[in-house]
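To keep things clear, I will list the structure first and then write my remarks on it.
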Amino acid sequence: MSAAKRLVVCGGNGFLGSRICKNAVQRGWDVTSISRSGVPKWETVTSSATPPSWSHKVTWERGDILRPGTYAPLLKGADFVVHSMGILLEADYKGVLRGQESPILGLRKAFASAPQPGNPLQRGVKEDADADIRPPETREQLTYENMNRDSAIMLAKEADRAGVAAFVYVSAAGGAPVLPARYISTKREAESTVASEFPRMRGVFPRPPFMYDSSRPITMPMAAMTGVGAVFNGITGGIFGNFMGAAGAKPLQVDVVAQAIVQALGDEQIKGPIEVPQLEELANKAWRGGML
């Protein structure tokens, strides 16, 4: 009998990450989650504040995705590593809620087209224990470059150094008319950099659409609206696809995406970008496999 696969999920306490952990546990894998808070606040990712039974089989570790020295030791011996973190808007929403920053200023920052710093490989970022990978000019911010691109590239670098076989970067199906172009461009930059700089690892880049679940009631009407956009995109032959981005893609239940990611990790033939139809196919394959 072969040894259980070891999976490390950075962002394993999140909406999608926690479900990746769940599906991996159900396969008998050894699962570790890394996040700044460690154990999730279950009421924010499920319908109950009570930890689900599978969660006791996950090792919940603390680490800062922007400080590789805090998580690198936890990657040793892992077969697979998943990056399931990112931001939709750069605006300081906490500052907005506290009245410290106006919503207009926050949105202006997000849509600004000023030149951005290069990725950490280009900047020669060191992996000291307390080193922050953010450049000095955005050291106090969470930008698309910092979170969607640079954190993934540095995690991939550490995973490659640890001898990890496959690396998953959770990307996105596309942007949306209401999101800055840099939201999706930084994700595509992360995909291409990970694939080109670390070819030894099997790079897997799922591109999920809007994800929903009844445990997050707000996602249900939003999924319905996105579904209408997907139908419209289909009727018009996809001619508005580039403009609509993820708003024109069929929404998926978050567990479907998690199942697809774990299935992709277990299949050595799967690599590169995984679009929405293939995510559904992989999830169906996982479901059929679970029924046997």
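Because only heavy atoms are used, hydrogens play no part in the values below, and waters and symmetry mates are left out as well, while side chains stay in. By convention here, the first residue in the shown sequence is residue 1.
Shown here are the ring-ring contact (aromatic ring centres under 6.0 Å, His included) partners of F80, two or more places apart in sequence or in another chain: W29.
You'll find the side chain of Q263 stays beyond 4.5 Å of the side chain of E281, heavy atoms only. With a 4.5 Å cut-off on side-chain heavy atoms, V8 and L74 do not count as touching. Within the 4.5 Å cutoff, no side-chain heavy atoms of M211 are placed close to those of V256. Put simply, the side chain of R6 reaches to within 4.5 Å of the side chain of T32, judged on heavy atoms. Using a 4.5 Å cut-off on side-chain heavy atoms (C-beta onward), K22 and V25 make no contact. When side chains are defined from C-beta on, K250 does not count as touching P209, because their heavy atoms never get closer than 4.5 Å. Side-chain contact between P135 and N146: present, with at least one pair of heavy atoms (C-beta onward) separated by less than 4.5 Å. Side-chain contact between P208 and L279: present, with at least one pair of heavy atoms (C-beta onward) separated by less than 4.5 Å.
E145 has no carboxylate O lying under 4.0 Å from a charged side-chain N of R134, or vice versa, which leaves the two without a salt bridge.
The one candidate from S55, S37, S33, S18 that meets the side-chain hydrogen bond (donor to acceptor under 3.5 Å, both in side chains) condition with N13 is S37. With I261 as the fixed residue, the side chain to side chain contact (heavy atoms under 4.5 Å, CB included) test singles out one of V168, V204, L282: V168.
The aromatic rings of W54 and W60 are tilted relative to each other, their planes meeting at an angle between 30° and 60°.
More than 12 heavy atoms of other shown residues, nucleotides or ligands fall within 6.0 angstrom of atom CZ in R123.
Heavy atoms only, all atoms of each residue included: K157 and V125 are closest at NZ-O, 4.3 Å. Shown here for E137 and Q141, the closest heavy-atom pair between the two residues is O-NE2, 3.7 Å. What you find for A156 and V194 is that their closest heavy atoms are CB-CG2, 3.9 Å. Here the closest non-hydrogen pair linking P68 and A131 is CD-O, 4.0 Å. A pairwise comparison of heavy atoms in L7 and A24 identifies CD2-CB, 3.5 Å as the closest pair. The two residues H83 and S151 have their closest heavy-atom pair at NE2-OG, 2.9 Å.
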Let's go through Y144 and I87 carefully: what are the C-alpha distance in whole Å and the side-chain angles of both, what is the deciding distance for side-chain contact (heavy atoms from CB on, under 4.5 Å) to 0.1 Å, and is it a yes or a no? CA-CA 7 Å; Y144 290 126; I87 57 174; 4.1 Å; yes

Which is it for Q278 and R207 under the side-chain hydrogen bond (donor to acceptor under 3.5 Å, both in side chains) test, yes or no, and what are the steps along the way? CA-CA 10 Å; Q278 191 180 7; R207 294 177 172 178; over 6 Å; no

Stepwise side-chain contact (heavy atoms from CB on, under 4.5 Å) test for L155 and F167: CA-CA 9 Å; L155 177 61; F167 180 85; 3.7 Å; yes

Can you list the steps and then say if I153 with I133 is a side-chain contact (heavy atoms from CB on, under 4.5 Å)? CA-CA 10 Å; I153 291 172; I133 66 172; over 6 Å; no

Check the pair N119, E189 against side-chain contact (heavy atoms from CB on, under 4.5 Å), reporting the backbone distance first and the verdict last. CA-CA 9 Å; N119 73 50; E189 287 174 33; over 6 Å; no

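Proximity of a side-chain donor or acceptor of T186 to a complementary backbone N or O of Y183 within less than 3.5 Å is detected.
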